[in-house]
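To start, the structure under review is shown below, and the notes come after it.
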Amino acid sequence: MDPKYGFNAVERKIQQRWAKQDCFTVNDDDPRPKYYSLCMWPYPSGDLHVGHLRNYAIGDVWARHKRMLGFNVLQPMGWDAFGKDAELKANKLGVHPAKWVKQNTANMRRELKELGFMIDWNRELNASNLKYYRWEQLLFVRMWEQNLVYYEPTKVLWDKATKTVTSRRDIDDGKVAKEDIEIKVMPAYLMRLREYANQLLDGLTQVNWPEKIIKDQQYLIGRSEGMTLHFALVGNAPVDALEVYTTRPDTICGVTYMAVAASHPLAQAAASDNPKLAKFCTQCEQTLPMDAGNPHTEKQGMPLDFTVVNPVSGKHVPVWVADYVVDDYGSGALMGVPAHDERDFKFATRYQIPIIRVINLDQQDPHRPITQAETSSGIAVNSGELDGLDLKGCVSKLEEMLGPDKARRDYGLSLRDWPINRHMYWGTPIPIVICSDCGRVPVPEHQLPVSLPNDFKHGPQALADHPDFAFCPCPRCGAKARRETDTMDTFVNSAWYFARFTCPDNSTQMIDNRAKRWLPCDHYFGGDEHAQGHLVYARFIHKVLRDLGLYPKGCGDEPFQALLCQGMVLGADGKKMSKSQDNTIMAKHILDCYGADTARLYIIGMGNPKDAYPWNEEHVKDHAMFLQNLWQLALKRRDQIAAGKEQKLAPELQLNLNKILNNIDRNLRDQHLNNLVFGGIHSIRNLIRDNADSAAMQYQGFMHLLKVMNLICPHIAEELWQQLGFEGLVIDSAWWPALTDADLHSATTVFVVQVNGKRRDQFEAPFDTDATELLELAQQRPNIARYISGKQIAKSKVIRQGNSHGLIFFALR
RNA sequence: GCCGAGGUGGCGGAAUUGGUAGACGCGGCGGACUCAAAAUCCGUUGUUAGCGAUAACGUGAGGGUUCGAGUCCCUCUCUCGGCACCA
């Protein structure tokens, strides 16, 4: 054993051993119970940064622990290699994106291996590989046939500078300049997320996720309960009735105007012979989502020449076009109830529209003046037949009065269907052929895949201008036709990769029977910045795969049983790492300077996985030092360890060890992984260090210590395991059995004595000493007698906690 | 505005979910070893008073429930993260 610990030599040696013994390969038919532990696959940006390090270190602790508990653990890895960022970067460097991806994945794979993660590299996937994306095309075709994808003009944010569709996120992040954005209506391929909205909502009750993420998902889906109501139009309107959705049908008699979105047929009809109105409508439609969306901004509108009749009160109210009406929510129209809605109140105040209270709160005077929108629920007043009813009562009454044609229960969704096409080269080609006679024809399955041509040209016209790719015969009529030259969003790639990991090598089937063995994923790890969009898409596609029969039966309704969203690693300055701030830290830096084990020990010990922490290089050094010292300690105690194998640990040492082990188990259960380092590893080390005279302690201590260390810093753990004479590999050793009450039971119990809730004394006694005797003993103690003497005891009690703690309290009158 | 997380020593952070607040680590102070330094080891370290046993105070602020509150309830405040005209 080398007297000095050299992480380089140790880590290389151990990695070679793992490779030689094929430690990370996972067999589908292994008899042990399965455990599928998945970390989000990275975008191959070039180098792993410390955020990746954190994600995979956390996942690896979990996976290794499950393995030691006797599970057959699948932990795969792949590359989210398609997408705009890769295309832009490759274009800038003047190389083919495939080449760029290849270099980067090679580099990142090497770094991941150097970090010693327990990844089955036989299952590696790459989204930009034909072997992967061909199946995505099959999925698309099947979805098209089932009308789960459709083609329709949709509003997009168009970046004039790069001539691509962009996202709100990119604008918010500053990647795209706001001045370059315009709102364009472009045809899009949309996946029917809304069709699955209720399932996506229901599924959330089945998963073990952080409450926040569940709330976010619910909010994103945004289902509200309400009614759709018909208001008859009077005069020369192009249609008979205006349909609106409302969650407050009880306020129907408070309607003093109606408002429609600028793109609503009524507004468009009115604008056709009114240039001023037309201008206003265009202006509304060009408002960027981040400029709208603020409830505090002034609402703007223009009156139309239409009037509707309130179906309950019979009153006539005007129809306006207003900029705060969202065109793709409900019917793109709303009933304006200024008394009971904040936005309507603002609008009505601005345009001097009447405000009528129809809901009374707290039995106050219904005629008092209205100074602000009263949005709480209450009882209808001033509402004719609805008077005296609450919301629920109003719903029933309206159904009864107006009948299903004019009033029906309905719900609203804020979830939009998912536009999946991008005007880019670097993505999965959409398998559609556009024929002037047949329309959009899906590529027949036997003609799949549609390969991305090898010659790369950047930009939205890349494929459209490609002579070989862009044209082909129509699969239906054989006439000369054009291919769809948009490619798919990378979110599609990452919406099913977890399923393909179960059968990455199948060249004849998208997903085979092995999926049944592995799915659903037992635990999913990733950054919470991906928490909302990606999770909805992946959950949706999972359900689609199930419904289309592309899954074997029994893969579950939800793809991810448990979820951990880890916080960010911030720069040393406490700010979000970014290139512009020049505060990014690459995994390579820490790997080169301190080694994988130190890197992992630091990143796990950093703090609660859920929270964000700034980088602190000093702390990294502390951990490096810890491993150095531990190595020395092992060296010193090696002979004792051998001797201690057959010896029994003294009871109190055993108890101390058991307490730490129990703590470790609890922290693993609660995902407080940072406590494994200080409360776990350090504590066992201290026990070993401070009990040099106990050979049994040396043996037991190191054995357990190395098992915990295997989760976090596996190389040094593996090396010491062997050097200290333990059998086999630590990675294949078994975790300790769960500790029982008996294991944590001490011979003597410390009883703390409290008087009026303040700790005044403590003494030791056998755990099961009779309660009256304990009370007596406590009262006799001078320190307690001092407080109690001469006073009356109102209450006293003995509480035994756990197995080694007791509490005696006296409450004085 | 809405949703969520949080505020504990000089610092990172513990606290078995209502029961000895500050585990463990870093840093500080004192000591041993050393010509000296580094490393290592031992002791000490919330604040105040006291040689001391001990006492008072102490988990963002204020109130409440309780024999007992970092933990539960109410009010306020500050920080961070996410979402935002969804009728």
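Proteins come first, then strands; the chains are lettered A, B, ... in the order of their sequence lines, and each starts at number 1.
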A:Leu673 CG - B:A14 P separation (whole Å): 11 Å
Distance-minimising heavy-atom pair for A:Asn783 and A:Arg760: ND2-O, 3.7 Å
What is the ring orientation for A:Phe767 with A:His745, classed by angle as parallel under 30°, tilted 30 to 60°, or perpendicular over 60°? perpendicular
Roughly how many Å apart are B:G9 and B:C29, using the C1' atom of each and rounding to a whole number? 15 Å
Closest to the side chain of A:Phe809, out of B:C24, B:A87, B:C67, is B:C67
What nucleotide, of B:C24, B:C26, B:G19, holds the atom closest to the side chain of A:His682? B:C24
Measuring only the C1' atom in each nucleotide, how far is B:A84 from B:C76? A whole number of Å is fine. 26 Å
Roughly how many Å apart are B:C83 and B:U47, using the P atom of each and rounding to a whole number? 43 Å
Taking any heavy-atom pair under 4.0 Å as a contact, classify A:Ala333: base, sugar-phosphate, or nothing. base
Ignoring hydrogens and geometry beyond distance, is a side-chain donor-acceptor pair present between A:His340 and A:Glu374 at under 3.5 Å? no
Under 4.0 Å between any heavy atoms, over every strand shown, what does A:Asn674 touch: base, sugar-phosphate, or nothing? Just pick one. sugar-phosphate
Please tell me which of A:Ala811 and A:Met335 maps to the more 5' nucleotide of RNA chain B, matching each residue to the nucleotide holding its nearest heavy atom. A:Ala811
Would you measure the distance from the C1' atom in B:U79 across to the matching atom in B:C42 and give it in whole Å? 41 Å
Closer than 4.0 Å, any side-chain N/O of A:Ser683 to the OP1 or OP2 of B:A23? no
Ignoring hydrogens and geometry beyond distance, is a side-chain donor-acceptor pair present between A:Ser414 and A:Tyr219 at under 3.5 Å? no
Only pairs with both distances under 3.5 Å count, Watson-Crick or wobble alike; so what is the partner of B:U40 in this structure? B:A32
Any donor-acceptor pair under 3.5 Å linking the side chain of A:Arg194 with the backbone of A:Ile221? no
Base-pairing mate for B:A14 - Watson-Crick or G-U, with both contacts under 3.5 Å: none
Base of B:U17 relative to its sugar, syn (within 90° of 0) or anti? syn
Atom CG in A:Leu661, atom CG in A:Leu739: separation rounded to 0.5 Å? 6.0 Å
Tell me the interatomic distance from A:Gln628, atom CD, to B:G25, atom P, rounded to whole angstroms. 18 Å
Scan A:Gln632 against the nucleic acid and name what it touches under 4.0 Å (heavy atoms): base, sugar-phosphate only, or nothing. nothing
To the nearest 0.5 angstrom, please state how far the CZ atom of A:Arg223 sits from the CG atom of A:Leu415. 12.5 Å
Donor-acceptor pair between A:Gln754 and A:Arg759 side chains, under 3.5 angstrom: no
Once the angle between the rings of A:His682 and A:Phe626 is folded into 0 to 90°, is it parallel (under 30°), tilted (30 to 60°) or perpendicular (over 60°)? tilted
Paired with B:G6 by Watson-Crick or G-U wobble geometry, both distances under 3.5 Å: which nucleotide is it? B:C78
Between CG of A:Asp741 and C1' of B:U16 the distance, given in whole Å, is 12 Å
Just how far, in rounded Å, is C1' of B:C85 from CG of A:Asp327? 12 Å
Roughly how far, to the nearest 0.5 Å, is OG1 of A:Thr154 from CH2 of A:Trp418? 14.5 Å
Nucleotide B:A14, atom P - distance to CG of A:Leu676 in whole Å: 12 Å
Between B:C85 and B:C2, how many Å separate the two C1' atoms, rounded to a whole number? 13 Å
Report which part of the nucleic acid A:Val325 touches: base, sugar-phosphate, or nothing (heavy-atom distance under 4.0 Å, all strands). base
Side-chain donor/acceptor of A:Asp341 to backbone N/O of A:Pro338, under 3.5 Å: no
In whole angstroms, how far is the P atom of B:A87 from the NZ atom of A:Lys346? 17 Å
When rounded to the nearest Å, what value does the distance between C1' atoms of B:A15 and B:G31 take? 32 Å
Which is it for A:Lys346 and A:Arg350 under the side chain to side chain contact (heavy atoms under 4.5 Å, CB included) test, yes or no, and what are the steps along the way? CA-CA 6 Å; A:Lys346 275 208 175 97; A:Arg350 175 161 185 181; over 6 Å; no
Between A:Ser683 and A:Asn686, a side-chain donor and acceptor under 3.5 Å: no
Using the ring of each side chain (for Trp, its six-membered ring), is A:His534 parallel, tilted or perpendicular to A:Phe491, with breaks at 30° and 60°? parallel
Once you round it to whole Å, what is the distance between C1' of B:A84 and CD of A:Glu342? 13 Å
Assign A:Tyr219 to base, sugar-phosphate, or nothing according to its heavy-atom contacts below 4.0 angstrom with the strands shown. sugar-phosphate
Expressed as a whole number of Å, how far does the C1' atom of B:G7 sit from that of B:U16? 23 Å
Selected nucleotide, minimal atom distance to A:Asn675 side chain, candidates B:G82, B:A14, B:A87: B:A14
Any protein N or O atoms within reach of nucleotides 48-57 of chain B? Criterion: under 3.5 Å, listing atom names and distances.
unit_1 : atom_1 : unit_2   : atom_2 : d
B:A55  : OP1    : A:Arg760 : NH1    : 3.4
B:A55  : OP1    : A:Tyr787 : OH     : 2.8
B:A56  : OP1    : A:Arg760 : NH2    : 3.3
B:A56  : OP2    : A:Arg760 : NH1    : 3.2

Taken to the nearest whole Å, CD1/A:Ile681 to P/B:G25 is 13 Å
A:Lys795 or A:Pro614: which one's nearest nucleotide on RNA chain B is closer to the 5' end? A:Pro614
Reckon A:Ser796 touches a base, only the sugar-phosphate, or nothing at all at heavy-atom distances under 4.0 Å? nothing
Pick base, sugar-phosphate or nothing for A:His623, based on heavy-atom distances below 4.0 Å to the nucleic acid. nothing
Among the candidates B:C26, B:G19, B:C85, find the nucleotide nearest to the side-chain atoms of A:Tyr324. B:C85
Below 3.5 Å between N/O atoms, which protein atoms pair up with nucleotides 4-11 of chain B? Just atom names and distances, please.
unit_1 : atom_1 : unit_2   : atom_2 : d
B:G4   : OP1    : A:Lys215 : NZ     : 3.2

In Watson-Crick or G-U wobble terms, both distances under 3.5 Å, what is the partner of B:G1? B:C83
For B:G4 and B:C73, measure between their P atoms and round to the nearest Å. 13 Å
Using only heavy-atom distances, determine whether the side chains of A:Glu617 and A:Tyr602 contain a donor-acceptor pair under 3.5 Å. no
If the cut-off is 4.0 Å, is A:Gln532 near the phosphate of B:G82, judged by side-chain N/O to OP1 or OP2? no
Dump every N/O contact between nucleotides 39-45 of chain B and the protein below 3.5 Å, one line per pair.
unit_1 : atom_1 : unit_2   : atom_2 : d
B:U40  : OP1    : A:Asn629 : ND2    : 2.9

For A:Met568, report the nucleic acid contact type (base, sugar-phosphate, nothing); a contact means any heavy atom under 4.0 Å. nothing
Could you check if the base of B:G28 is syn or anti? Syn means the glycosidic torsion is within 90 degrees of 0. anti
Please determine whether side chain to side chain contact (heavy atoms under 4.5 Å, CB included) holds for the pair A:His619 and A:Asp622, giving the CA-CA distance in whole Å, both sets of side-chain angles, and the decisive distance to 0.1 Å. CA-CA 5 Å; A:His619 291 180; A:Asp622 295 338; 4.0 Å; yes
